Visitor: 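Okay, handing you the structure first.
Quantities reported herein were computed from a predicted structural model and do not represent experimental measurements.
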Amino acid sequence: MHSFDKDADHVAVDKVLSYARERLLMDPIPLDGARTEDYLRSAAGQTITAAGLGSTRAMELFEHTLAPACLSTDHPRYLSFIPCAPTREAAAFDVVVGASSIYGGSWMEGAGAVYAENQALRWISDLAGLPESAGGVFVPGGTVGNLSALVVARHTARAKAKEAGTGARPYRIAATDNAHSSVVSMAAVMDAEVCGVHVDDKLRLTGSELRKTLEENGPETFFAVVATSGTTNFGVVDDLASVAEVCREYGLWLHVDGAYGGAGLAAPSVRHLFDGIEHADSFIVDPHKWLFAPFDCCALLYREPELARIAHTQEAGYLDVITKSAEWNPTDYSIGLTRRARGLPLWYSLAVHGTDAYVEAIESTLEVTRFAADEIGRRDYLEAVREPDLSVVVFRRLGWGPEDYQAWTDRLLAEEFAFVVPTTFRGETLTRFAIVNPHTTKEDVNAILDTMA
């Protein structure tokens with residue numbers, strides 16, 4: 001299997017690269033859609049066999065049966081959840097990352113890759129206004145990013161309490177119910193408790209409500225506050241400035257989850273919404289969401305990376321050659337040891353296009369979002385639930401119930417016209433557009449809204 005057969009290996013590699021080239025250059029992109037397990041069992045059959053299918057048959061199965069049974073998250077009318085719309089350069093370079101067998105966990109083994117990734121991280125740090133000393137690592141996604149940051153927050157808080165001799169063991173996180181679901185899930189992993197904070201009439205976490213929650217429950221029991229810069233359901237940016245002020249007052253770690261919305265830092269038209277983020281102790285943003293990188297890529301940044309290194313560095317005799325070195329080793333800053341150099345596709349696209357092109361692309365999606373909000377307001381059968389902060393628009397179709405929304409979603413997907421799923425808020429079924437793909441046009445928005453008439 002690992003021996004080199006010039007003819008057979010050329011065929012196998014060429015088939016894979018040919019498919020990748022065709023997919024990368026595809027225009028228009030098919031939406032496709034899921035198929036039932038019975039269908040796939042009938043169409044694909046048993047794909048893992050003792051003798052193997054051979055590269056030709058295996059690639060045929062993927063191209064004609066398995067791939068079409070997956071939604072294309074980069075389709076311009078895929079507006080559900082948070083889409084993924086990588087540049088062609090970023091997606092193509094992901095092939096290079098896989099082919100290069102680069103271990104991205106240590107400077108010793110991947111210095112060039114780590115250097116490039118750190119430059120991409122520096123650009124994001126500068127957007128957030130973090131100090132020159134800030135740094136971090138690219139991790140698989142926001143869930144791992146949130147967990148890694150909160151582990152550091154708790155480790156730091158308990159170390160401070162021990163040094164002060166208070167005997168406290170902080171176990172609580174303050175967050176609103178608009179925080180990403182991963183905050184609650186990761187608190188469970190850590191055996192920590194999430195203490196809810198009331199939001200204001202704009203659905204934001206604010207300093208005043210945070211202070212009330214801390215005082216009611218005992219500030220000494222908290223080790224972190226999680227604010228959000230762009231909630232998944234509504235795109236809400238919390239009042240980061242007032243929250244940061246309270247965190248400084250009580251000496252609490254401020255973690256800002258910008259997995260979706262953090263990319264808005266690059267857009268001058270909305271940059272003011274993020275005022276206060278420069279005070280964050282840790283911050284995440286997923287380039288695979290609104291910074292046009294492929295799955296899976298989350299930038300995790302720390303104001304003081306040394307605190308993360310202390311909390312996360314794994315000790316073992318065979319690792320001494322790495323952990324005792326002075327170089328930057330990415331695995332010292334998050335959960336996990338083995339890592340691919342997942343930040344390289346973003347780096348390559350940034351290097352190719354320049355940061356101005358990213359600003360322009362993000363602003364273009366915001367312009368389409370504002371158009372969508374205006375169109376919703378213009379149509380008498382639709383009603384916006386909230387004016388968008390960023391690029392998520394949530395609205396209702398007057399007179400519809402949950403079954404109507406679902407039937408509409410199913411019809412659009414069955415026709416491979418669009419993918420827009422319902423959401424819920426305070427017991428009501430609604431729908432939403434998440435517009436992060438620069439290929440999504442005003443015409444796409446109108447065409448989808450027309451189907452609700």
Visitor: Quiz question: by atom type and distance under 3.5 Å, do the side chains of Thr365 and Ser391 form a donor-acceptor pair?
Guide: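 Looking only at side-chain atoms, Ser391 and Thr365 do not form any donor-acceptor pair under 3.5 Å.
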Visitor: Which pair of non-hydrogen atoms, one from Leu398 and one from Asp380, has the smallest distance, and what is that distance?
Guide: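 Leu398 and Asp380 have their closest heavy atoms at CD1-O, 3.5 Å.
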Visitor: Heavy atoms only: give me the nearest Phe419-Leu31 pair and the separation to one decimal.
Guide: N-CD2, 4.1 Å
Visitor: Asp286 and Gly141: which non-hydrogen atoms are nearest, and at how many Å?
Guide: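 The answer is OD1-C, 4.0 Å.
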Visitor: Between Tyr260 and Trp290, is the gap from one ring center to the other below 6.0 Å?
Guide: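 Yes; Trp290 has its ring centre under 6.0 Å from that of Tyr260.
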Visitor: Please report the shortest heavy-atom distance between Ala263 and Ile362, naming the atom on each side.
Guide: O-CD1, 3.4 Å
Visitor: Flag the pair Arg370 and Glu367 as a salt bridge only when some basic side-chain nitrogen lies within less than 4.0 angstrom of an acidic carboxylate oxygen.
Guide: no
Visitor: So, Ser148 side chain and Val144 main chain: donor-acceptor pair closer than 3.5 Å or not?
Guide: yes
Visitor: Tell me, yes or no, whether the heavy-atom count around Tyr19 atom OH, taken from other residues, nucleotides or ligands under 6.0 Å, exceeds 12.
Guide: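 More than 12 heavy atoms, drawn from other residues, nucleotides or ligands, come within 6.0 Å of this atom.
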Visitor: Among Cys297, Ser349, Pro86, find the residue that satisfies the side-chain contact (heavy atoms from CB on, under 4.5 Å) test when tested with Pro287.
Guide: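 The residue from Cys297, Ser349, Pro86 that satisfies side-chain contact (heavy atoms from CB on, under 4.5 Å) with Pro287 turns out to be Cys297.
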Visitor: Identify the residue among Phe395, Phe234, Tyr78 that makes a ring-ring contact (aromatic ring centres under 6.0 Å, His included) with Phe433.
Guide: Phe395
Visitor: Any idea which heavy atoms bring Asn233 and Arg432 closest together, and the distance?
Guide: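 Shortest heavy-atom separation between Asn233 and Arg432 comes out as O-NE, 3.2 Å.
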Visitor: I want to check something: taking the side chain as every heavy atom from C-beta on, are Leu319 and Leu337 in contact at a cut-off of under 4.5 Å?
Guide: yes
Visitor: Just by distance, no angles: are the side chains of Gln314 and Thr331 close enough, under 3.5 Å, to form a donor-acceptor pair?
Guide: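 There is no such pair (donor and acceptor under 3.5 Å, judged by atom type) between the side chains of Gln314 and Thr331.
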